[in-house]
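Below is one structure; the comments refer to it alone.
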Amino acid sequence: MPGGCVRWARTLLSCRNCRSYSALPAQAFTDAVTDLGCPASLFPIARALNRRIVAHLGPTNSGKTHAALQHLRQAASGIYCGPLRLLAWQVHAQLCSSLPCNLVTGQERREELGARHTACTVEMASHRAVVDVAVVDEVQMLADHSRGWAWTRALLGVPARTLHVCGDPAVLPLLEKIAGETGEELEVRHYQRLSPLVAARRPLACLSQVRSGDCVVAFTRRDVHAVRQEVESHGRHRCCVVYGALPPNARQLQAALFNASRTGFNVLAASDAVGMGLNLSIRRIIFTSIRKWDGTADRQLTAAEIKQIAGRAGRYGSRFPSGTVTAMNAADLQVVADALQQPSEVLTTACLLPSLSQLELLHAQHPQDNLPALLRRFAEAAAGSLAQTHYCYAQYEDQYTLATMLRHLPLSLQEAWTFSISPTDPADAPLASALLRFATAYARQLRVPVAATLLPPLAQARSEVDLLQLETCHRILDLYLWLAHRFPDAFEGAEDVALKSGALAALIDTSIREMGVQRRCRAGSEAAAAAGDDASLEAEAEWEQQQVEEWMRRKRSYHKHRR
Ligand SMILES: Nc1ncnc2c1ncn2[C@@H]1O[C@H](COP(=O)(O)OP(=O)(O)OP(=O)(O)O)[C@@H](O)[C@H]1O
Ligand SMILES: [Mg+2]
């Protein structure tokens, strides 16, 4: 048991003796409340169950989630906790084909009569309702500085008799430490990729050479649209798009369009959002760059990130039985090829943030503090308790900025906290100002009509600027829905907004389909270059086939060895 845990237990004891937290000396009280060194002790229901943890570990496309879902389906009750709404929807649809299942995400709640199963996003996982089986997908995300706290809480706190976690093998040492700390049994199952994935011999050099089934990866919304225009300007392919700012249902519609044969939309331009949550029939991944802006710095992708994206090619059960990955120049291709051979860097810390009830305890001692002051006070006080543990304090700057923006409004701590954890990027000015508008209306009259969304008349986008405006409107509607689930009496237009949001996602999808230029293939040199490509294409295909056979040989020998 780490030091933090002992401190927490001792304080509780002395606390029980005097029957009040506030009777403790002030500093001891602050230390006890902000001690995050042993977060397992915050989840008594899970601790009382003495759970069994089964870890399904392997590379992308190795059947981890599929295996865990088999257990969930067979259980009398269970919960799936996924990284994205798209995955929660997918699992919900899969489970609903054989049993009643609820759906819970930040923006929607669908309850089926008699359902004992739930598909949810990880932030929505219940820490109270006991189930037989829980699945926590993409568990390596617990080290993510902005969202990792939700995985750490799910791993420690979901009250399931058996907890299945799926993820990259790099998370294993951390899982072992956490299971050691909770005293829970950990069973590890290793998986191998189900279909071959190989690096190409040569870089692509030019987007005129994309082929049907290619997915071209860029790292900003602007670059994704630039790739789409470039690909379509050559006149041979129409191009679908997938990126984070696109509403999830529009992403789903674009993915379905790309997957369907004979639509002409046979190339995909995507950001790294393609790495999770969509079932795509991709033959080849092409990295236009191996660097991205991560919010604080422009940096090279990690091996884990490259593998997560590259792993989308040749998905098992898709139209392409094997996948290839390449880049636009030789140096980048070398980095990508090396990454495919490398294990991901071992994860050492799981991220944590305090819960509302922990903040409320601290607030009881510092009633003069507003939310931003309390967030800072908590983070500073908690730092000591996390030293020399395998936990770290998650990034809370966005929450802090939003809390600061709302600090003058007459809101209770709980209300301010809820607005501050809403899905609002403070750097997204129209969205941040919608949040401020909603919170102000709520604080003044406890009523936020649909009119507060201030939506302009919506029409099909004819340009990228129009499209950006539609995407922004969709995010505002999404925010309204998210808040409507937390303040149902005040956000009275949820049903109306849900309908508008669905229609808007469809309008965005239609706009993208019809914005394509589909110029006729450029004459002359380009056509000649394309014709000249055929011989080299054949040589390339032959070389890839040899790599695939070599991959299959290695896999067979791995299995023989294990037997
Ligand atoms: N035993 C199986 N029988 C039939 N289909 C399978 C089987 N195992 C996996 N699949 C299918 O293969 C694909 C990849 O499986 P799955 O999603 O479980 O992989 P994963 O390791 O979780 O990959 P990732 O999380 O990176 O997407 C899915 O479409 C899944 O339905
Ligand atoms: Mg999976």
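Source: prediction; values computed, not measured.
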If you measure only the distance, is there a donor-acceptor pair under 3.5 Å linking the side chains of [X] and [Y]?
X	Y	value
N102	R110	no
S195	N61	yes
Q308	T60	no
W482	E108	no
Q334	D338	yes
R376	Y396	yes
S77	H117	no

query: Is the backbone of V241 close enough, under 3.5 Å, to the side chain of Q254 for a donor and an acceptor to pair up by distance?
result: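 Flag set: sc Q254 to bb V241 pair under 3.5 Å.
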- prompt: Is the backbone of I282 close enough, under 3.5 Å, to the side chain of R312 for a donor and an acceptor to pair up by distance?
  reply: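 Flag not set: sc R312 to bb I282 has no pair under 3.5 Å.
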query: Taking only residues two or more places apart in sequence, or in another chain, which ones meet E184 in a side-chain hydrogen bond (donor to acceptor under 3.5 Å, both in side chains)?
result: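 Expected list: R47, R51, T182.
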- request: Taking the six-membered ring for Trp and the single ring otherwise, decide whether the centroids of H225 and Y243 are under 6.0 Å apart.
  value: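 Aromatic pair counts; centres sit under 6.0 Å.
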Does the pair [X]/[Y] count as a salt bridge with the N-to-O cut at 4.0 Å?
X	Y	result
E123	R153	no
R85	D478	yes
R109	E111	no
D298	K292	no
K64	E138	no

task: Tell me, with the steps shown, if K307 and E305 meet salt bridge (Lys or Arg N to Asp or Glu O under 4.0 Å).
output: CA-CA 5 Å; K307 288 189 291 181; E305 287 166 335; over 6 Å; no
query: Taking side chain as C-beta onward, heavy atoms only, is T326 less than 4.5 Å from R202?
result: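 With C-beta onward as the side chain, the pair stays apart.
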Spacing of E360 atom CD and Q414 atom CD [to the nearest 0.5 Å]: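 Atom-to-atom, E360:CD and Q414:CD are 7.0 Å apart.
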